[in-house]
Each structure stands twice: as structure tokens, then as C-alpha cells.
Amino acid sequence: MPPPPPPPSRLFALLSSRRPPPLRLLLQIHAHLLAAGLLSSSDNFPSRLAAAYALSSPATSDAAYALALLAPLPTSAYNAAIRALSLSDEFGGGGGVVRRCLQLYRALIRSGSASARPDHLTFPFLLKACARLHGGKGGGYGGEAVLGHVLQLGFDSDVFVVNAATNYLAVCGSMGDARRLFDESPVRDLVSWNTLIGGYVRRGNPQEAMDLFWRMVAEEEDAAVRPDEVTMIGVVSGCGQLRDLELGRRLHGFVESNGVRCTVRMMNVLMDMYVKCGSLEMAKSVFERIEHRTVVSWTTMIVGYAKFGLMDDARRMFDEMPERDVFPWNALMTGYVQCKQCKEALVLFHEMQEANVKPDEITMVNLLTACSQLGALEMGMWVHRYIEKHRLVLSVALGTSLVDMYAKCGNIEKAIHVFKEIPEKNALTWTAMICGLANHGHANEAIEHFRKMIELGQQPDEITFIGVLSACCHAGLVEEGREFFSLMDSKYQLERKMKHYSCMIDLLGRAGHLDEAEQLVNTMPMEPDAVVWGAIFFACRMQGNISLGEKAAMKLVEIDPSDSGIYVLLANMYAEANMRKKADKVRAMMRHLGVEKVPGCSCIELNGVVHEFIVKDKSHTDTDAIYNCLHEITLQIRHTADLLNISATGVV
DNA sequence: GTAGGGTTAG
């Protein structure tokens, strides 16, 4: 005797569990339901079964086959299956889930029976699935055809369908299309407004979101739409992007005087807005008024303190919070890196590993930035191996960080190698490569990369131009330098910053075009900084232009009176020009003013340990060996300089 | 049944 079939309640429970049963078990359940006559469209079973089938197998063909066994299915079953898929957390894995949704949808259309055609519930689920995929990675597809069907089947007057379509367009298509749908739609409700406002904020157009919000407030009476907390979360977030504290206070006031629900999310976004607008005090006071703080609340405060350089407070927040996911770890680490406390960032990473928190892409990017700043090549290579071992996707951000790390840590070959392996490079990736090449003296390669980048249609920005200009500077390519400097303004409408001017002035000065350099100093739109005057001074000293050199030196003293270096250099310039008296006078002035040289500091990494050195440092255990080596290098440089007949002063 | 927040490279 075969065992008796399980009771329907047991079957229902099996089908309703969050994790669907495996396909083999599903087929058995299916057979039991058929035998018990429980699959007519008036039962709940077809929907449950369809949803379970849709979720059961990652192999699309299996699920499709199993679903075909169920036909004819009522629309509600298809809807349930699409809904289950659109909510499933398998979305990280790519397009499989959406493909299955679209397959179900096609099966529904093809079934051709009167009881099974897409209805007002089908499209919201389906469009949500399409939009969610695009929000992840891999590009949205299929949504456009679905939108066509919406119009064909006359669902463009169903407010739920229209809202879902608006959201789909806002996420996957153009905001213009989403706006047109909104403007031309005969039906509109609070969700319609919120969808469009949220869309503008997400796509980085907060001004448009604000305009829409004020229109909404003005139309409130006849349109019967009152801004709710979803509206306000959108506009307050947009206000954070605008960095407009005054507006932020107004919106906060609006929230409090219009009975908008102060949920934790509302409070969190208010805090975030205040942090972005520069009022840590206001953020703190909002934080203190939150009753049930979430990880986001704490993390936002960490970000806030870190932004103001208050790393001790950030750390205190971090230590005080009751539970942590990867976000607060990343936020604190980002803070350390941005405040140049890179050693602390590395220490934090070790703590993170001890706490068994799985690092993600952001963690790796932070680690690599820390390594770049410390010149910690070995640690950087360890991170690279970690990425490969754990098969983290070599995203643009991660790849760019690797290129930057290798370039800044001195291994330009490896930087080039990684650069070639990044499948999708963006402007930042190209910029990192160009700057790396320039800093390693590969001027022509840097310029070639720049031209290639333009050819591929990538937009260079200010940093890219710092790269090419410094390449020209290193190689003395005056003509190219002039070309890029003018291109920046004429073709790319990029604002030329101090760094660009100092690069250009240095280039002109070194190449002997001191007049042109001086003219550029006189016409630059900002007050020249120490680097500019330093470049002028250097050129003057090289070419024996004492009067301009004196002027540059005076400016340098003015900018930083405590910097003793310039007095020394000025004295040297006089000495080289055989102006003994003036040289002595400067030295006397130095003694009189009591200016002392501030010790410079540099660090180097060896076997994963970072060593710091200051001038004349004798504290290291291997100090004798280090100084012997330094002496050797100095001799070699002098020797090479003699052979090439150039001056080695200032090199050592 | 539709909409909403925080960490992110040069």
C-alpha cells in the first residue's frame, strides 16, 4: 500500500514557505493536487504552485517546462509567479529572474484562453521586475515591449499600471519619457507625484524634483494630493544634493508643521541632508531625537563626523552602535582614508576581519586608496590577490583603484597590465592611467592614452588635464602643453584651476619661456599660490633672472613666512650669481628671524610594515645600512649628472 | 498591488 497523500494544509504550507521546495518535490506536490482536484481556478493552489515553480529552479528551461504542465493557468497564477520573482532576492545574479518573468508573461499571452490574459495586476509586477534588474547590473531589457502592450490593451488609464510604467522609465529609460507619461496621463495620484520626484532625485536632477514639489504643494487643494513622508524623503534627499541648508531647514519645517510622519527613514534622510549641507549640529540634534535608531542612523552620523575630520567622534559612534553591517565599517574606513589616516584604515580592516565581517567592493577600494597614499605596494598586492581569490568582479571602480595603487606605489608595468584587463573603462580609469604614466615620466604614452581616450568618446575632466599637462611638463613638450591648456577651455569648457596654471607655468619656465610664464602669472584669474611662485623662482634661478626671482621669493615668504626653504634657495641664487653680499644678508635675516626648517617626513613600506622617517632620522634599527645605501645612491646620481653634464643640486 | 533613505575610484 502506498502511503496516503499528505493533507491539503500540509501541501499548502510546503508551497508557502519562503524557500520553495526543490523541483522534484514540487512535481510530487503537483501530482497530489491534481489527484485531489485542487487545481481549479477558484482555489489558491494554482497561484501558490506557479509561484513555487517560478522560484524553484535557476535553470529557466526546467521552470518553464514545469509551468507548462500547469496550463491552462488562470491569470492570478501567472501574476503570483511574476510577483514572487519580482520580490525574490536573487536579483544580484543578473538577468535570469527578469528573463523568467518575461517568459511567464509571454506564456500568459500565448495561452490565448479567455480566462488568461494580462490584467491590471500583471503589469505592475512585471514592470517592477524589469526596473529592479536595471537598478542592479546588466542593463534593462524587455520593458519597452511591455510598455507597448500596456497601451495596446488600454491599461494607460489604470493609475497603478501608469505609476509602475513611470517608475520603469525613470529607472531604465529617460526622465523625459517618464515626465511625458506623467504629464499626459489622465490619471494621477500621490504615488505618481512621488515616483516622478524620486526619479529626478535618483537621476541627479534635484532642482526639477524641487520644482515639481512646489507645484504639488500649490495644486494640493484641487488635486487632493498632500505630500507624505515618501514625498518628503525624496525632496529632502534632493536638497542634500543641492547643498542648500536654508532650503533644508524650510523642508524640515514643512515636515514638522504638516503632520508628515517622522519615521526613522524620514529622520535618517534629514540627518543626511544636514550633513551634506554642512550642519553637523542639526544632524546631531535629529539623531538624538530618533527613538529607534537603525544602522543607517548611526552610519550617517559616522559619515558626518568623518566629513568634518572628527575621526575620534566617528570612532566613538562606531563603538557605541549596537549592531553593524558592512556599511558602518566602510563609512569609518572611508573617513580614515579621506583624513589621510591611512594606517588607521588598515588597522580597522584587520579588526573587520577579526569581527568576521565580509568586506565588499567599497572596502577594497578604500584599502587600495590607503595603500596608494602610504606607498604600501605589498599590502596593495595582497588586496589584489584577495580580489582574485574571492572572485570579486573587477568593476570600473575597483579596477581604477588598482591602476592608481600600482602607479602610485611605483609599479607602472603592473598598472598598465591591470588597466588593459578592465573590461569597461570610464573617464576616471583613463585619468588614473594617464596620471600614472605622467608621474612615471612616460610622457608620450600619457599623451597617447589621452588621445585614445578622446577617440573613444570619453570626457576628460580637470584631473585628466593635470595628467597630460604634467606629462608635458616632465618631457618639456611646450607645444603640446600649450595645445592642451587651450583645449581645456575652448573645447571642453573646463575651469582651469591653480594646479593647471602651475603646471603650465612650470613647463614654460623650464623651457626658457620665462616671459610667457610671467605673463600667465599676471593674467591668471586667481591669486598665484606657492607652487606657481616656486616654479617661477626655479626658472629664474636656472636662467639667472635675478629681479623676477627676487619678486617670486618675496611672494613665497609672504605666503608662508615660516618656510625656511625659500631663504636657503634665495641665498643660493645670489651666491650662484656671485652676489655674495646679498646672499650673506639673507642668511643673517634667517638667523635674526629664527626661522627653522620644518622636518619633512616620508614613509616606505617593507614586508607589509610601514616605516616613517623624518630628516636626519637615526631612530631606525637599521639606520647604518640605510645611510650607507643613501650615500651610494647620492654618489651614483652625482656621477650620472656629471656624465650628462647637468646639475645635481637640489636632487639630493 | 504601485513610489522612498545611508557607505562608493582619479
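Excluded from the calculations below are hydrogen atoms, water molecules and symmetry mates; all remaining heavy atoms, backbone and side chain alike, are included. Throughout, protein chains are lettered first and strands after them, A, B, ... in sequence-line order, and every chain is numbered starting at 1.
Atom-to-atom, CG of A/Leu280 to P of B/dG6 comes out at 18 Å; the value is rounded to the nearest Å. Atoms CZ (A/Phe123) and P (B/dT2) sit 16 Å apart, rounded to a whole Å. Between the CG atom of A/Asp119 and the P atom of B/dT2 there is a distance of 14 Å, given to the nearest Å. Residue A/Asn163 contributes atom CG, which lies 11 Å from atom P of B/dG4 at whole-angstrom precision. When the C1' atom of B/dG1 is taken as reference, atom CG of A/Leu127 falls 13 Å away, rounded to whole Å. When rounded to the nearest whole Å, the span between NZ of A/Lys307 and P of B/dT8 equals 11 Å. Rounded to an integer number of Å, the gap from CD of A/Glu229 to C1' of B/dA3 is 11 Å. The interatomic distance linking A/Phe160 (CZ) with B/dA3 (P) rounds to 11 Å, in whole Å.
For the salt bridge (Lys or Arg N to Asp or Glu O under 4.0 Å) test, residues two or more places apart in sequence or in another chain that qualify with A/Arg289 are A/Glu256. Not a single side-chain contact (heavy atoms from CB on, under 4.5 Å) links A/Val393 to another residue, sequence neighbours left out. Partners of A/Glu281 under the salt bridge (Lys or Arg N to Asp or Glu O under 4.0 Å) rule, at least two apart in sequence or in another chain, are A/Lys284. Here A/Tyr386 pairs with A/Trp382, A/His390 under the ring pair (Phe, Tyr, Trp, His ring centres under 6.0 Å) rule; sequence neighbours left out. Residues forming a salt bridge (Lys or Arg N to Asp or Glu O under 4.0 Å) with A/Asp313 (at least two apart in sequence, or on another chain): A/Arg316. With sequence neighbours excluded, the residues that form a salt bridge (Lys or Arg N to Asp or Glu O under 4.0 Å) with A/Glu229 are A/Arg261.
In this structure, a donor-acceptor pair under 3.5 Å is present between the side chains of A/Thr231 and A/Asn194. Remark: the A/Tyr406 side chain and the A/His417 side chain contain no N/O donor-acceptor pair separated by less than 3.5 Å. A/Thr369 and A/Asn366 form no side-chain donor-acceptor contact under 3.5 Å, judged by distance and modelled atom types alone.
Taken residue by residue, residues 396-403 of chain A places heavy atoms nearer than 4.0 Å to DNA chain B at A/Val396, A/Ala397, A/Thr400, A/Ser401. Of the residues in residues 293-301 of chain A, those with a non-hydrogen atom less than 4.0 angstrom from any atom of DNA chain B are A/Thr294, A/Val295, A/Val296, A/Thr299.
The side chain of A/Lys128 contributes an N or O atom lying less than 4.0 Å from OP1 or OP2 of B/dT2. Within the 4.0 Å cut-off from OP1 or OP2 of B/dG4, at least one side-chain nitrogen or oxygen of A/Arg202 is found.
When distances run from any side-chain atom of A/Ser237 to the nucleotides B/dA9, B/dG6, B/dT2, the shortest one goes to B/dG6.
Across all strands, A/Asp228 comes closer than 4.0 Å to base atoms (heavy-atom distances). At the heavy-atom level, A/Val191 lies under 4.0 Å from base atoms of the strands shown. Among the protein residues, A/Asn268 comes within range of the nucleic acid bases, having at least one heavy atom under 4.0 Å from a base atom. Contact annotation for A/Asp360: no contact, since no heavy-atom pair falls under 4.0 Å across all strands. In this structure, A/Lys408 reaches the sugar-phosphate backbone alone: every heavy-atom distance under 4.0 Å involves primed, P, OP1 or OP2 atoms, never a base. A/Thr431 comes within 4.0 angstrom of a nucleotide base, judged by non-hydrogen atoms across all strands.
Between the base of B/dA9 and the side chain of A/Asn366 there is no donor-acceptor pair shorter than 3.5 Å.
Screening residues 408-435 of chain A for salt bridge (charged side-chain N to carboxylate O under 4.0 Å, His left out), with sequence neighbours left out, gives A/Asp404-A/Lys408.
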